[in-house]
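First comes the structure, then the notes that go with it.
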There are 2 protein chains.
Amino acid sequence: MREPFHPPTESISLASVMHAMSDPVRLEIVARLAGSDGENCGGIGDGIDVHKSTMSHHYRVLREAGVTRTTLEGRSRVVRLRHDDLEARFPGLLTSVLAALRRTGPTGG
Amino acid sequence: MREPFHPPTESISLASVMHAMSDPVRLEIVARLAGSDGENCGGIGDGIDVHKSTMSHHYRVLREAGVTRTTLEGRSRVVRLRHDDLEARFPGLLTSVLAALRRTGPTGG
DNA sequence: ACGACGGTTTTACGAACGTCCAACCATTGA
DNA sequence: TCAATGGTTGGACGTTCGTAAAACCGTCGT
């Protein structure tokens, strides 16, 4: 079980972050990560109705964009928002996205 | 020459806005609109090296997502950021994106 | 040793995307 | 009236995306 790749903070690109957070499923993941104090989702895709391989794919997109960090703590993966890194790179961006999610949800309505 | 469609502020979706601002060309457009006090780009795609029909496409994506407003003033189109509408709908979002663009540019480097 | 569990990888496929070209439309100016 | 200008529309083409199925991998429990 190897540690997956994460982009260093300085090379996180705005376009990638925006793209990562442009899919409803991934926005839902982000919302839950924010809600659960940055823990994982308690088993991949708990309550999100997509195949586990699809969830794995979405987690990878978020991770490779620099939005989340996946660590291997003990025997299970833990996914967290890279809150501080994103704040350092793009101040206010994640915060406003989270606020928007709280307001309207991913699809906004 | 008919006025094109714009979504009302209340029905602007987060996912659509994020998607609209996830493409380097469109981020460049947004950056220029912000820099030029919300005027148009002085002729479509001035200095952005894509075909004019491609620019037209990108302008449409931004407009239909609710990021920009295209008006027909006199004889020419004028494109503006929907700054106030976006601020009302998703407070801080556009502001932080513009700040990010100033910092790192669309592709972030 | 073996199966169950949790997750990744590979592959496949339809849909959506970004791009260009060509044709078109509306307005301006000669 | 005709050409030029500025922009949109409709294909077309190759790429990327989101999704699921199937196979695989590492760890745990028994």
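In what follows, chains carry the letters A, B, and so on, assigned in the order in which the sequence lines appear, proteins first and then strands, with residues in each chain numbered from 1.
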Rounded distance (Å) that lies between atom C1' of C:dT10 and atom CZ of A:R60: 10 Å
Spacing between B:D49 atom CG and C:dT19 atom C1', to the nearest angstrom: 12 Å
Test item: B:R26 side-chain N/O and B:V61 main-chain N/O as donor-acceptor pair under 3.5 Å: no
Which nucleotide in C:dC20, C:dG18, C:dG7 has an atom nearest any side-chain atom of A:R77: C:dG7
Flag side-chain contact, heavy atom, 4.5 Å: A:L101 against B:L14: yes
Residue A:H19, side-chain heavy atoms: nucleotide from C:dG18, D:dG10, D:dC17 that is nearest: D:dC17
Derivation of the side chain to side chain contact (heavy atoms under 4.5 Å, CB included) call for A:T70 and A:Y59: CA-CA 9 Å; A:T70 302; A:Y59 274 117; 5.5 Å; no
Backbone of B:K52 reached by a side-chain donor or acceptor of B:S56 within 3.5 Å: no
C:dA22 OP1/OP2 closer than 4.0 Å to side-chain N/O of B:H51: no
Any B:T54 side-chain N or O less than 4.0 Å from OP1/OP2 of C:dC20: yes
Length of the line joining B:L62:CG and C:dC17:P, which is rounded to integer Å: 13 Å
Nucleotide C:dA26, atom P - distance to CG of B:L72 in whole Å: 13 Å
Value in whole Å for how far the P atom of D:dA22 lies from NZ of A:K52: 12 Å
Candidates D:dG18, C:dT9, C:dC21 - which lies nearest the side chain of A:R26: D:dG18
Atom-to-atom span, NE2 of A:H57 to P of D:dG18 - whole angstrom: 5 Å
Distance, rounded to the nearest Å, where A:H58 contributes NE2 and C:dT8 contributes P: 13 Å
Hphob cluster co-occupancy, B:L98 + B:M18, side-chain heavy atoms under 4.5 angstrom: yes
Separation of D:dG7 C1' from B:I29 CD1 (nearest whole Å): 14 Å
N or O in side chain of A:S56 less than 4.0 angstrom from C:dT8 OP1/OP2: yes
